[in-house]
Each structure stands twice: as structure tokens, then as C-alpha cells.
Amino acid sequence: LRKKKSNLGYDTALIMLMETGSEEIKEYYSKVVSLTDRYKALERLIEAIHTKISFVQSLMKYEKENT
């Protein structure tokens, strides 16, 4: 399993914490999931902006070479 999923220990620890049934732990876990999703979304936006910048740079280079 560790070859397929490198963060197995982290996931196991989360499951063990969730088993306690504590509302505080559930709230923290919910926040972690929410913030992780926001982080991943921001990563995707940064990648999209980077791609757009690369495209504009390529256009500028093409125009410079063909003028």
C-alpha cells in the first residue's frame, strides 16, 4: 500500500482522530479539507496564469522574428 499511497500514515492518523467523535476534531478536519481545496484551486489559477504568460511571450517572440 505504501508504494501506491505515500501519505498512508497521514491518512491513517486522520482516520484515527475522526474515530474519537470529537466535534472539535471534526471541525478542524473540515477546515483542513476546505483550506486544502482553496490551496489547490489557487495552484490551478497560478498555473493558468503562467500558461497565459508563456503564450503571450511566444506571440511577442514570433512577432519580433517576423517583423
Side-chain angles (χ1 to χ4, degrees):
L1 285 174
R2 288 192 185 272
K3 289 180 182 178
K4 291 182 181 178
K5 192 157 178 81
S6 61
N7 61 347
L8 186 62
Y10 176 76
D11 290 341
T12 304
L14 284 175
I15 291 168
M16 290 172 68
L17 280 172
M18 295 298 289
E19 284 180 338
T20 64
S22 167
E23 290 301 316
E24 183 180 15
I25 291 173
K26 289 178 183 179
E27 186 179 324
Y28 284 134
Y29 178 73
S30 177
K31 286 181 182 180
V32 166
V33 170
S34 175
L35 292 172
T36 300
D37 290 345
R38 288 175 88 187
Y39 171 79
K40 289 179 181 181
L42 289 171
E43 264 188 334
R44 300 295 182 268
L45 286 173
I46 291 169
E47 289 173 13
I49 291 168
H50 179 71
T51 300
K52 186 176 181 179
I53 290 169
S54 294
F55 172 72
V56 171
Q57 288 175 333
S58 295
L59 281 177
M60 290 169 57
K61 182 179 176 183
Y62 176 79
E63 288 178 8
K64 180 181 176 184
E65 290 174 355
N66 293 314
T67 56

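Values reported hereafter were calculated over all heavy atoms of this structure, with side chains retained and with hydrogens, waters and symmetry mates removed.
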Flag the pair K61 / K64 as yes when at least one side-chain heavy-atom distance between them is below 4.5 Å, and no otherwise.
no
Roughly how far apart are L59 CG and Q57 CD, rounded to 0.5 Å?
10.5 Å
Side chain to side chain contact (heavy atoms under 4.5 Å, CB included) involving S58 - partner list, sequence neighbours excluded:
none
Could you state the interatomic distance from OH (Y29) to CD1 (I15), rounded to the nearest 0.5 Å?
8.5 Å
Has S34 got a side-chain atom pairing as donor or acceptor with S30's backbone, closer than 3.5 angstrom?
no
Interatomic distance, CE@M60 vs CZ@F55, rounded to 0.5 Å, equals 12.5 Å
Joint cluster assignment, Y28 & V33, ILVMFWY side-chain distance < 4.5 Å
no
Quick one: CD1 on I25 to CE on M16, what's the gap to the nearest 0.5 Å?
11.0 Å
